[in-house]
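Scroll down for the structure; my scribbles are underneath it.
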Amino acid sequence: DPMIAKLIVWDESRPRALARLKRALADYRIAGLTTNLPFLHALASVPAFGEERVHVGGHEEVEGAAPDPAVGDQLRGAVDGAAARHDGAR
């Protein structure tokens, strides 16, 4: 099973829960292996995610097959930013 831990956040509103999620992801520490924490933090920072315009088919948007190109651009930016932070941490 590749899951090491599960993070669940809740608050009175989506913006507050999203802020709590970003704080929790920034504070999360897992030592000894590579994780997708930078990607998850970047994804939580994408405006389309906060606006509930990202769905389980989001990977298709990253690949350019989305009906909404702006969402695809935002997701690509999140992926690129997470990859750059990950490469810089090595």
Side-chain angles (χ1 to χ4, degrees):
D1 185 357
M3 184 169 29
I4 297 169
K6 182 182 272 189
L7 173 64
I8 299 172
V9 297
W10 181 91
D11 211 309
E12 294 291 329
S13 68
R14 184 173 181 86
R16 288 176 54 153
L18 192 55
R20 185 174 278 191
L21 173 66
K22 288 183 217 178
R23 277 192 312 274
L25 287 168
D27 292 342
Y28 225 96
R29 297 292 178 262
I30 298 176
L33 60 141
T34 302
T35 70
N36 66 345
L37 287 170
F39 169 75
L40 295 174
H41 192 275
L43 180 62
S45 301
V46 169
F49 186 82
E51 296 162 5
E52 300 181 63
R53 295 189 298 129
V54 176
H55 51 82
V56 295
H59 65 284
E60 293 170 356
E61 292 170 354
V62 172
E63 295 165 3
D68 185 348
V71 173
D73 290 344
Q74 291 173 2
L75 289 172
R76 269 189 297 288
V79 170
D80 292 345
R85 281 189 299 282
H86 175 71
D87 290 343
R90 288 184 189 193

Self-check item: Heavy-atom pair with the smallest gap, counting every atom of L43 and F49
Solution: O-CB, 3.4 Å

Quiz item: Is L40 linked to L33 within one hydrophobic cluster, defined over Ile, Leu, Val, Met, Phe, Trp and Tyr using a side-chain heavy-atom separation of less than 4.5 Å?
Solution: yes

Practice problem: Could you list all the salt bridge (charged side-chain N to carboxylate O under 4.0 Å, His left out) pairs where at least one residue sits in residues 21-39, not counting sequence neighbours? | Solution: none

Practice problem: Quick one: list whatever passes side-chain hydrogen bond (donor to acceptor under 3.5 Å, both in side chains) with R14, sequence neighbours left out. | Solution: none

Quiz item: Residues two or more places apart in sequence or in another chain: which of them pass salt bridge (Lys or Arg N to Asp or Glu O under 4.0 Å) with R20?
Solution: D11

Quiz item: side chain to side chain contact (heavy atoms under 4.5 Å, CB included) with L7: which residues, sequence neighbours excluded?
Solution: V9, L21, A24, L25, Y28

